[in-house]
Amino acid sequence: MKLWSQYFIPTLKESPADAEIASHKLLIRAGLVRKLGGGLYTYLPLGLRVMQKLTQVCREEMERAGAIEVWMPHVHPAEFWMQGPRWTAAREIMFRADSAGDGKRGPKEPEFVLGPTHEEIITPLVRAEITSYRDLPKNFFQIATKFRNEIRPRFGLMRAKEFVMMDAYSFDVSDEASIKSYLAMKAAYEAFFRRIGAQAIAVEADTGVMGGSYSHEFMVPAEVGDDDVIYNEASGYAANREKATSALVPKELADAAPAGTLEEFATPGVVTIAALEAAPYSVPADKQFKTLVYIGDGKPFLVVLRGCDELEEAKLGTLGFGVFRPATAEEIEPVMGAKPGSLGAVRGTIKNPGALAGVFADHAIRLIGNGTTGANKDGFHLRNVNVTRDLAVTKFGDFRRVRAGEPDVKSGQPLQVRRGIEVGHIFKLGTKYSEKFGAAYMDDQKQNHLMEMGCYGIGISRTLQAIIEQSHDADGIVWPWNSAPFQVLICVLDPQMAEAMDLAKKLAAAAERAGAEVLIDDRAERPGVKFKDADLVGIPLRLTIGGKGLKEGVIELKWRSAKDVAKVPVAEAEARVAAAVAEAQARAHANG
RNA sequence: CGGGGUGUAGCUUAGCCUGGUAGAGCGCCUGCUUUGGGAGCAGGAGGUCGCGAGUUCGAAUCUCGCCGCCCCGACCA
């Protein structure tokens with residue numbers, strides 16, 4: 001039991017100017033956190049209590065799923081990362097942790113980095129400690145601070161430079177066993193989000209810089225989310241924007257027979273899809289080929305899409321390049337023979353085809369049949385371009401961005417799009433890291449094999465804010481029972497009345513015996529202030545003890561999530577409070 | 001890193017265009033009154049106007065540079 005007057009809950013009437021979204025404003029106004037700098041926050045007592053709640057539920061669910069808790073350093077010798085498979089890609093987001101001196105001691109390359117995640121640390125550990133199939137499977141997790149030098153921290157805790165994450169790493173003897181671990185974690189995640197009262201859904205996701213074979217993201221639907229979820233409610237299909245695909249191109253699509261002769265025509269000044277759509281050319285965007293030049297690991301490659309489609313850059317990750325980026329105009333001309341706007345992938349028109357690492361075409365261009373593309377000659381295009389006959393395609397793939405309304409691959413019904421906050425992510429990694437670090441085990445036939453890995457993350461601090469985003473009203477936060485910093489708030493309107501305070505303490509004890517945590521508002525404030533703060537802070541169950549009520553022999557019982565107020569006779573109050581707590585716990589247990 | 005915005009008391013801000021005493025509300029302190037949905041009156045403390053140059057007799061205000069913060073884009077839990 002805590003007394004508000006002795007505790008520290010600095011609430012604010014007005015929102016700070018730098019908060020835009022509801023959950024960010026409420027985090028500050030309800031006194032949960034304070035900002036130190038961009039993406040850096042101090043957790044005040046109330047914020048810390050919520051964090052501890054989430055952490056504990058997370059720990060319980062991980063352990064229930066068979067994972068084992070460890071604690072790894074946050075300062076990593078950089079050589080672990082240099083030995084790993086993603087140093088080039090990951091180093092930009094890592095803080096370096098050299099001496100804070102004036103640079104005389106500081107080497108050019110970092111000696112230490114702050115850990116953004118821990119694959120590079122856990123894999124060498126397991127390599128050294130586990131060598132027999134008898135010791136597998138193993139799944140290690142920790143709940144700790146992560147450091148990422150985010151280019152743009154956002155929305156309070158939503159994307160911070162320093163944040164709390166649960167990260168877990170599974171090691172298995174085989175692909176099948178690894179899938180089992182993966183599914184166990186997926187179930188544990190679902191249990192975790194259910195218990196803390198967050199509505200999170202699992203969606204198929206891209207593996208990104210993590211590498212590996214497949215993954216799911218856990219998304220909390222919210223308008224302010226950073227990610228688009230593409231889904232169809234009926235079929236159950238759900239994927240994030242980077243991964244989403246559709247049945248736009250039928251599987252059995254027969255390529256049209258070549259039609260017409262390849263023909264060059266002058267298009268002076270035309271360098272955009274839109275300009276070619278306009279008169280006098282009038283070529284619809286879905287009959288144009290869009291040719292993009294990228295640089296992958298230093299070598300240029302082409303991506304061909306329909307003129308009406310957008311490239312989903314993340315999908316280029318499937319091509320196997322370590323890093324890739326759009327080519328500059330200066331890089332393009334020597335390879336292609338023309339400036340951007342007149343490019344094409346027609347055989348024989350590319351100036352220096354030998355320089356290319358490949359020509360990758362989106363499946364959807366097969367829908368074009370007879371189309372138009374750049375001639376690799378400034379001011380000229382080619383018409384009657386046929387995919388199979390004319391284009392120098394190395395490989396077809398899915399590179400386009402899916403749009404709402406396209407047919408779902410599962411049901412053929414239209415796909416929908418909504419925004420979401422990514423609160424968790426699970427990856428089946430395969431042997432990407434175990435191979436790099438030599439994490440192998442010996443089987444019962446004395447054969448050595450690489451371990452099959454998985455890695456799993458939950459953004460605990462981000463989840464905290466996502467809950468607020470999902471559960472608030474005009475007056476403040478509405479905490480789910482299991483996430484609340486306290487479950488019961490006792491508002492004593494006349495704290496100078498000994499009778500009122502005595503009753504408050506008795507009720508607090510009853511609520512505590514029933515398993516709740518109690519905060520008593522004993523401040524010498526007017527009732528209006530206390531009620532406003534109570535709504536703002538959002539503790540699920542509020543008991544009000546006032547001089548007026550006591551004269552009538554009643555106290556009030558009110559749920560934060562409901563409007564109605566129940567008057568309870570003082571004589572029955574202890575029993576009623578205990579029953580209310582028990583009921584809330586049962587409800588929280590049943591549906592989160 | 002590119003684009004846009006912004007910086008005045010602990011918080012929210014006015015003043016800046018058109019240079020001349022830095023103002024309000026909330027919060028805080030003292031007193032009196034009030035006491036069931038962010039009270040009233042009276043008194044008070046609190047400011048290098050983000051930092052640095054420049055223009056000027058004089059700069060919160062005009063000019064230049066830097067920095068912080070916020071929003072949009074790429075990345076992520």
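Worth saying up front: this structure is predicted, and the values here are computed from it rather than measured. Below, read A as the first sequence line, B as the second, and so on, with proteins coming before strands; counting in each chain starts at 1. For the numbers below, each heavy atom of this structure counts, side chains included, while hydrogens, waters and symmetry mates do not.
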**Asked** What nucleotide, of B/C71, B/A74, B/A77, holds the atom closest to the side chain of A/I151?
**Response** B/A74
**Request:** Indicate the ring-plane relationship of A/H24 and A/Y41, choosing parallel, tilted or perpendicular according to the 30° and 60° boundaries.
**Result:** perpendicular
**Prompt:** Could you give the CZ-to-C1' distance, from A/R159 to B/G73, as a whole number of Å?
**Reply:** 11 Å
**Request:** Determine, stepwise, if the pair A/K146 / A/D167 fulfils side chain to side chain contact (heavy atoms under 4.5 Å, CB included).
**Result:** CA-CA 10 Å; A/K146 293 281 177 284; A/D167 48 322; 3.1 Å; yes
**Item:** A/F301 versus A/A357, closest heavy-atom pair with distance
**Value:** CB-CB, 4.2 Å
**Item:** C1' atoms of B/U55 and B/G47, separation to the nearest Å
**Value:** 26 Å
**Request:** Run the salt-bridge test on A/D226 and A/R159 with the 4.0 Å N-O cut-off and return the result as yes or no.
**Result:** yes
**Request:** Could you tell me the separation between the CZ atom of A/R86 and the P atom of B/C75, rounded to a whole number of Å?
**Result:** 16 Å
**Asked** Would A/E312 and A/R401 pass as an ion pair if we require N to O under 4.0 Å?
**Response** yes
**Request:** Select base, sugar-phosphate, or nothing to describe what A/G547 touches, counting heavy atoms under 4.0 Å on all strands.
**Result:** nothing
**Message:** Roughly how many Å apart are B/G38 and B/A22, using the C1' atom of each and rounding to a whole number?
**Reply:** 29 Å
I'd like a list of close polar pairs between nucleotides 23-26 of chain B and the protein, N/O only, cut-off under 3.5 Å.
{"from": "B/G25", "atom 1": "N2", "to": "A/E14", "atom 2": "OE1", "distance (Å)": "3.2"}
{"from": "B/C26", "atom 1": "O3'", "to": "A/K13", "atom 2": "NZ", "distance (Å)": "3.2"}

**Asked** Given atom CG of A/L12 and atom P of B/C28, what is their separation to the nearest angstrom?
**Response** 11 Å
**Asked** At under 4.0 Å between heavy atoms, what does A/D167 touch on the DNA or RNA strands: base, sugar-phosphate, or nothing?
**Response** nothing
**Asked** About how many Å separate SG of A/C491 and CD1 of A/I555, when rounded to the nearest 0.5 Å?
**Response** 11.5 Å
**Request:** Give a yes or no answer on whether the side chain of A/Q470 reaches the backbone of A/I467 with a donor-acceptor pair at less than 3.5 Å.
**Result:** no
Please tabulate, one pair per line, each protein N/O and nucleotide N/O from nucleotides 31-35 of chain B that are separated by under 3.5 Å, including the distance.
{"from": "B/U34", "atom 1": "O2", "to": "A/R526", "atom 2": "NH1", "distance (Å)": "2.6"}

**Item:** Contact nearer the 5' end of RNA chain B, comparing A/M165 with A/E20
**Value:** A/E20
**Message:** Quiz question: going by heavy-atom distance under 3.5 Å, is there a donor-acceptor pair between the base of B/G4 and the side chain of A/R152?
**Reply:** no
**Request:** Return the value, rounded to whole Å, for the distance between atom CG of A/L536 and atom C1' of B/G37.
**Result:** 13 Å
**Request:** With A/R49 as the cation and A/F486 as the aromatic partner, state whether NZ or CZ is under 6.0 Å from the six-membered ring centre and within 45° of the axis.
**Result:** yes
**Request:** Check the geometry between A/F163 and B/A77 and answer yes if their rings are stacked (centres below 5.5 Å, planes below 30°), otherwise no.
**Result:** yes
**Item:** 5'-to-3' dot-bracket of RNA chain B (Watson-Crick, G-U; under 3.5 angstrom; crossing pairs as [ ]; | other strand)
**Value:** (((((((..((((......[..)))).((((((.....)))))).....(((((..]....))))))))))))....
**Asked** Between atom CD1 in A/I9 and atom P in B/G27, what is the gap in whole Å?
**Response** 18 Å
**Prompt:** Touch check for A/S15, heavy atoms < 4.0 angstrom, all strands: base, sugar-phosphate only, or nothing?
**Reply:** sugar-phosphate
**For atom CD of A/E150 and atom C1' of B/C75, their distance in whole Å** = 7 Å
**Prompt:** What does A/R241 touch in the nucleic acid at a heavy-atom separation under 4.0 angstrom: a base, only the sugar-phosphate, or nothing?
**Reply:** nothing
**B/A42 to B/C64 separation - P atoms, rounded to the nearest Å** = 46 Å
**Asked** Looking across every strand, which nucleic acid part, if any, lies under 4.0 Å from A/R34 by heavy atom: base, sugar-phosphate, or nothing?
**Response** nothing
**Message:** Using heavy-atom distances to pick each residue's nearest nucleotide on RNA chain B, tell me which of A/G457 and A/K532 is more 5'.
**Reply:** A/K532
**Item:** Integer-rounded Å distance: B/A74 P and A/K315 NZ
**Value:** 15 Å
**Asked** Contact class for A/A160 (heavy atom, under 4.0 Å): base, sugar-phosphate, or nothing?
**Response** base
**Asked** B/G23 and B/G15: how far apart are their C1' atoms, nearest whole angstrom?
**Response** 8 Å
**Request:** Rounded to whole angstrom, note down the C1' distance from B/C28 over to B/G68.
**Result:** 27 Å
**Message:** Base, sugar-phosphate or nothing for A/Y456? Non-hydrogen atoms, less than 4.0 Å.
**Reply:** nothing
**Asked** Taking the same atom, P, in B/G20 and in B/A39, what whole-Å distance lies between them?
**Response** 38 Å
**Request:** For the residue pair A/H74 and A/W71, categorise the inter-ring angle as parallel (less than 30°), tilted (30 to 60°) or perpendicular (more than 60°).
**Result:** perpendicular
**Message:** Whether A/K436 and A/E120 form a salt bridge (side-chain N of Lys/Arg under 4.0 Å from carboxylate O of Asp/Glu) is what I want to check.
**Reply:** no
**Fill in**
Whole-Å distance, A/F147 CZ to B/A77 P, equals 16 Å
**Asked** Is it true that A/F218 and A/F193 have ring centroids separated by less than 6.0 Å?
**Response** yes
**Request:** Identify whether any heavy atom of A/V423 sits under 4.0 Å from a base atom; if not, whether one sits that close to sugar-phosphate; answer base, sugar-phosphate or nothing.
**Result:** sugar-phosphate
**Asked** So A/Y182 and A/Y456, would you call those rings parallel, tilted or perpendicular, with 30° and 60° as cut-offs?
**Response** tilted
**Prompt:** At under 4.0 Å between heavy atoms, what does A/R154 touch on the DNA or RNA strands: base, sugar-phosphate, or nothing?
**Reply:** sugar-phosphate
**Message:** When the P atoms of B/C72 and B/G10 are compared, how many Å lie between them, rounded to an integer?
**Reply:** 28 Å
**Message:** Restricting to non-hydrogen atoms, name the atom on A/V229 and the atom on A/Y231 that form the minimum distance, rounded to 0.1 Å.
**Reply:** O-CD2, 3.8 Å
**Complete:** Quick note, A/P16 side chain, CB onward, closest among B/U12, B/A77, B/G36 is B/U12
**Request:** Please name the pair of heavy atoms, one in A/R148 and one in A/T117, separated by the smallest distance, quoted to 0.1 Å.
**Result:** NH2-CB, 3.9 Å
**Asked** Looking across every strand, which nucleic acid part, if any, lies under 4.0 Å from A/G424 by heavy atom: base, sugar-phosphate, or nothing?
**Response** sugar-phosphate
**Prompt:** What is the nucleic acid contact for A/K146, judged by heavy atoms within less than 4.0 Å: base, sugar-phosphate only, or nothing?
**Reply:** nothing
**Request:** For nucleotides B/C67 and B/C26, find the distance between their C1' atoms and express it as a whole number of Å.
**Result:** 29 Å
**Closest non-hydrogen atom pair between A/V492 and A/A504, with its separation** = CG2-CB, 3.6 Å
